[in-house]
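Read through the structure below, which is laid out as C-alpha cells, and then see the notes.
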Protein chains: 2
Amino acid sequence: MAGEGKGLSRRRLLAGAGGGAAAGAAVGFLGGRAVSPAEAAAADGLDLSRAYDFYTGDHQVGIATPPQRHLVFMSLDVVEGTTAEQLKVLFARWSAAMATMMKGNPVGSVEPTRSNGVPQDTGEAYDLSPASLTVTLGLGPGLFDDRFGLAGRGPKLLAEIPRLPSDELKPELCGGDLALQACADDPQVAYHAIRDLVRIGRGLVTTRWTVLGFGRASAGKGQKTPRNLMGLKDGTRNIKSEEDLDEFVWVADPDEPAWMRGGSYLVTRKINMDIEVWDGTTIDTQHLTIGRDKAEGAPLSGKKEFDTPDFKAVRDGKPVIDPTSHVALAASENNGGAKILRRGYNFTDGLNSLGQLDAGLFFIAFMKDPATFVDLQRKLGRVDLLNEYIAHVGSAIFAVPRAPKSGHFLAQELFD
Amino acid sequence: MAGEGKGLSRRRLLAGAGGGAAAGAAVGFLGGRAVSPAEAAAADGLDLSRAYDFYTGDHQVGIATPPQRHLVFMSLDVVEGTTAEQLKVLFARWSAAMATMMKGNPVGSVEPTRSNGVPQDTGEAYDLSPASLTVTLGLGPGLFDDRFGLAGRGPKLLAEIPRLPSDELKPELCGGDLALQACADDPQVAYHAIRDLVRIGRGLVTTRWTVLGFGRASAGKGQKTPRNLMGLKDGTRNIKSEEDLDEFVWVADPDEPAWMRGGSYLVTRKINMDIEVWDGTTIDTQHLTIGRDKAEGAPLSGKKEFDTPDFKAVRDGKPVIDPTSHVALAASENNGGAKILRRGYNFTDGLNSLGQLDAGLFFIAFMKDPATFVDLQRKLGRVDLLNEYIAHVGSAIFAVPRAPKSGHFLAQELFD
C-alpha cells in the first residue's frame, strides 16, 4: 500500500493531524495570557504545514486519511452534450490541479504579467500552508447513462440508492454526476480547492448541491473521538485497522473496471438533527436512544468508551442496551459482521424557518459494496430510537476511482 | 489596560494566535508523509490550548483580541413583555456562562446524575480545548425603546444606521436587540458557545439572524494579513497600535453611561461578493478596482504591502491609484484621519439560486463613534469601483459594554 505504514495502532489512526504534540513558543499577545513552558509542552496543536501526495498509485487520499478539520463537499452535474473526450480532458486537468493544490500551490497565475490577463487561480489560498488538503473525486451513476458515451463502462455495483425507511429526502440535496470532496485543516484552503476546480470545469459541469462541514479542531484533554452536535462521541467503533480497510473498504473484485480496483464506493447522507428537541430530553432518554453514556461514551453495558458492548447483558429483566438503540442496531455484531468506514462532518446551515438552529451531521461512508449501507439503513430507518431526533434529507452515491501514479490522471482507463 | 501589554509591535498584534511557531514532533500517520525535524521547526502551527480571561474589568475580549479563525455571530430579539429585571438576570447568567466556556468548561452538567435530569450543557465541546474562545455581547438600539423599561438609558450614539447609497439590505439579515459574537480557533467551540447561550436565553430571546465566518487557519509562508474571497489581502492598514485603539475605538466620553466607558460600537455588514464575476475580470481591472496589486498587496504607487499609498502619484498624466478605487476612498488620509477597527470574516452560504458560489465578507468594525462608519460608507457606497462586485445585504449596530470585573456582569450598571 503505497505511502502508508503497516501495523497502524488505533491511536495513530485516530489521532490524525491533531496527534502531534506542538510545543508553542511563548509569545505575548494582546488581551491573552502568556503560555508557560510546561503548558506549551502540553499544548494542543495543529500543524498546518503537512502536505499529502496525490499520486499514490493506489487509494485516493481523503478516505483513510485521518479526518481533517474542515470539509467542502460539492456535487456536480455534467452538462448535456459533453463528450467522453471532454470529460477525459477535464479529469486530467482536475487531477493536475488537485495535486498542485495539495502541495499548497496555486493552480496557475494569481497575478498574470499581461495586464489584460485573467488570473488562473482565484488567490484566496495564495501563500497559505497545504493544511493537509485532500481532494477526492467520485463518479455518480448518471455519468454512465447514455449521455456521454460511457454507458456500460461503470463500476458493477454503482446504482442509485433505493428509497429507504424514514427517508425525508429533498431532491435538490440528492444525487449528482460527479462529486468533489475537499478536506483540510484550514477552511479557506478547502474552499479554495472546490472553487477553483468548479472554475476549471465551467462549461462542462454545473453545481448541484454543496455541504460545508466541520469537526472539532482540538483534541482537548486527550479525547480522540470527535463529538457530533448531539454532544455524543461519534466514531468509537469506526474502522481503525488496515485489515478492516482491506476487508470492507477497498474494491478488489477483478470483475470491476481496472480504475476501480483500489477504489471504493462513497455514500453521503445529509442528516438534519432536531438539536433543540434533543437538548430538552432527559439524560436517561439520551442514554436509551444511543445505548451509550454521554460524557465517556461507554456502552451502557460497560464503563469505558472502547469496552465492547454486551448486547446480551440484562438488568432487572430488561436488556441493558436497548435492541432498538442506535449502537445495537448499527453494531457490526448485529449486522453479519459488516462494517463501513465513516468520515462524517458536523454542519450548520444557520437558522431554519422556525428560527431554530439548523444543524446536523453530513454522513460520509466508504465501502466496497454499497449494499452494506443499504441493508444497514433499511434497519436503522425502520426502528432506530434516534429517528425521533433526525431526518435524512440528502442522499448520494459515487464510485471513487483508484488514485493515479505520477504522469497519469484519475479514472484514466475509463477513457481507453 | 488590564491584561494587555504595552508597546505592541505590528507583528505581534497581527500575528495573533497563529504567530507562535509550533515544533511538531514527527509522527507516522496513514497516507501522509513524515515531518523532518527541520520542517517541524518551521511548521505552521495553531495552539488550541490558549484561554482568554473574561473578567478584564476593561474592554471586552473579541474586539482587539487577535482574530481567531472562526466566527459564529448571532443577532437576537428580546421577547415582548420581558422585564428589565429579567434582562438583568439574563446578562448575569450569560456573563457567567461566557467566562466558564472561555476557560474550556461546560456551562453545567453534561451528564446529570439524576436519571431524569436534562443536561445543562449540550456537550459537543466537552473535553475540547478553550481554543482562544471569546464571546462578546452587543446591545442593539431596540433594547432602549419603550418595551423593557430601559428607554433613555442607552448609549448616546446608539441609533439605527441610516439608509446608505448602494444598500441592498434584506430585513431578515438586519438589526437585532442583542448580539453575541463568538470567535475561536475551533469551529465546534464557537458554535457550542452560541448554542448554549441561546439556550440559556430561551423564553426571553429569539434568534433573528446568524452568520458563520472563517479566516485562514495558517499563516502560510509568513503572510500576516489574511485574504478575503476575492483573493485580496484584507486588513493591511487596519488599526494596529494601542494609541489608535484609544483614539478611535474605546469609548471614553464621560457623558456616556458608565457601562459604556471602555466599550465600543459594533457595526456589521453582510457583504455578498459576486466572486464568479470577479474571477472573470482581468488583473488590471482588479488592480484598478482595489488600488493595490494582488499577490503582494502593495499600493499601486509602491512595491511592498506596507508601503504608504501615494494618492498624488501620477503616471502618463493619470493618477496611479484611481481616486474611486477602494483603497483611495477608504484611506484614513482621505477621510479626515478617521479610522475604524475591522474584524471581518469570510463566509459562504453554499450555492445561490443560480447555482453560483454564494460567498462574501461579513464585515465587523468597532469604533467609538458610529458616524465614522456612516460617513465612510456614504462615500464608498456612492462611487467605489468595488461596488460592481459586491452587495451589502445585511446591516446592524450594537453598543458593546465594557467587560465586568470578577463578581460582576456585563452592563450591570444599566440596571442600577
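Chain letters run A, B, ... following the sequence lines, proteins first, then strands; residues in each count from 1.
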TODO: Identify which part of A:Arg114 has an atom lying under 4.5 Å from any heavy atom of chain B, answering side chain, backbone, both or neither.
DONE: backbone
Task: For B:Val118 against A:Gly280, the heavy-atom pair lying closest together - done: CG2-O, 3.7 Å
Open item on the list: For A:Arg202, is there an ion pair with B:Glu276 - N to carboxylate O distance below 4.0 angstrom?
Closed with: yes
Open item on the list: Would the distance check show the side chain of A:Glu124 and the main-chain N or O of B:Asn228 forming a donor-acceptor pair, the cut-off being under 3.5 Å?
Closed with: no
Task: When B:Pro106, B:Pro112, B:Ser109 are compared by non-hydrogen pairs under 4.5 Å with chain A, the top option - done: B:Pro112
- [ ] Under 4.5 Å heavy-atom distance to chain A, tell me which part of B:Glu172 shows up: side chain, backbone, both or neither.
- [x] neither
Task: Separation between OH of B:Tyr126 and NZ of A:Lys294, rounded to the nearest 0.5 Å - done: 11.0 Å
TODO: Walk me through it: do B:Leu357 and A:Tyr191 pass the test side-chain contact (heavy atoms from CB on, under 4.5 Å)?
DONE: CA-CA 10 Å; B:Leu357 301 180; A:Tyr191 187 73; 3.6 Å; yes
TODO: Spell out, as yes or no, whether a donor-acceptor pair under 3.5 Å connects the side chain of A:Arg199 to the backbone of B:Asp279.
DONE: yes
Open item on the list: Less than 4.5 Å to any heavy atom of chain A: does that hold for the side chain of B:Arg208, its backbone, both, or neither?
Closed with: backbone
Task: Close side-chain approach of B:Arg69 and A:Gln188, heavy atoms under 4.5 Å - done: no
- [ ] Quick one: list whatever passes ring-ring contact (aromatic ring centres under 6.0 Å, His included) with A:Phe73, sequence neighbours left out.
- [x] A:Trp209, A:Phe362
TODO: Under 4.5 Å, counting heavy-atom pairs only, tell me which of B:Thr134, B:Thr281, B:Val72, B:Thr285 racks up the most with chain A.
DONE: B:Thr281
Open item on the list: As an exercise: rank B:Ala184, B:Gly104, B:Gly231, B:Gly350 by heavy-atom pairs under 4.5 Å with chain A and give me the winner.
Closed with: B:Gly231
Open item on the list: Is B:Asp127 in contact with chain A via its backbone, its side chain, both, or neither, using a 4.5 Å heavy-atom distance?
Closed with: both
TODO: Show your reasoning for whether side-chain contact (heavy atoms from CB on, under 4.5 Å) applies to B:Glu296 and A:Glu111.
DONE: CA-CA 9 Å; B:Glu296 168 65 21; A:Glu111 182 117 43; 5.9 Å; no
Task: Nearest non-hydrogen partners of A:Leu351 and B:Thr210, listed with the distance - done: CG-CG2, 3.8 Å
Open item on the list: Out of B:Thr122, B:Val110, B:Val198, B:Thr206, return the one with the most heavy atom pairs under 4.5 angstrom to chain A.
Closed with: B:Thr122
Open item on the list: Using heavy-atom distances under 4.5 Å, tell me whether B:Asp293 contacts chain A through its side chain, its backbone, both, or neither.
Closed with: both
Task: Engaged part of B:Met74 at the chain A interface, taking heavy atoms whose separation is under 4.5 Å - done: side chain
TODO: Could you look at B:Ile283 and say if it's the side chain, the backbone, both or neither that has a heavy atom under 4.5 Å from chain A?
DONE: both
Task: Polar side-chain atom of A:Arg195 near backbone of B:Leu229 as donor-acceptor pair, under 3.5 Å - done: yes
Open item on the list: Side chains of B:Arg216 and A:Ser129, heavy atoms from C-beta outward: is any pair under 4.5 Å?
Closed with: no
- [ ] Please look at A:Asn346 and chain B and tell me whether the side chain, the backbone, both or neither of the residue comes under 4.5 angstrom of a heavy atom of that chain.
- [x] side chain
Task: Which atoms of A:Leu212 approach chain B - backbone, side chain, both or neither, heavy atom under 4.5 Å - done: side chain
Open item on the list: Show the nearest heavy-atom pair for residues B:Pro187 and A:Ala217, with the distance to one decimal.
Closed with: CD-CB, 4.3 Å
Open item on the list: If the condition is ring-ring contact (aromatic ring centres under 6.0 Å, His included), which residues does B:His192 pass it with, not counting sequence neighbours?
Closed with: none
Task: Flag, side chain of B:Thr207 to backbone of A:Gly355, donor-acceptor distance under 3.5 Å - done: yes
TODO: Considering non-hydrogen atoms only, spot the tightest contact between B:Gly123 and A:Arg227 and give its length.
DONE: O-CD, 3.2 Å
Task: Which atoms of B:Thr348 approach chain A - backbone, side chain, both or neither, heavy atom under 4.5 Å - done: both
Open item on the list: With a 4.5 angstrom heavy-atom cut-off, is it the side chain or the backbone of A:Ile275 that approaches chain B, or both, or neither?
Closed with: both
Task: Segment of B:Ala131 engaging chain A (4.5 angstrom heavy-atom cut-off) - done: neither
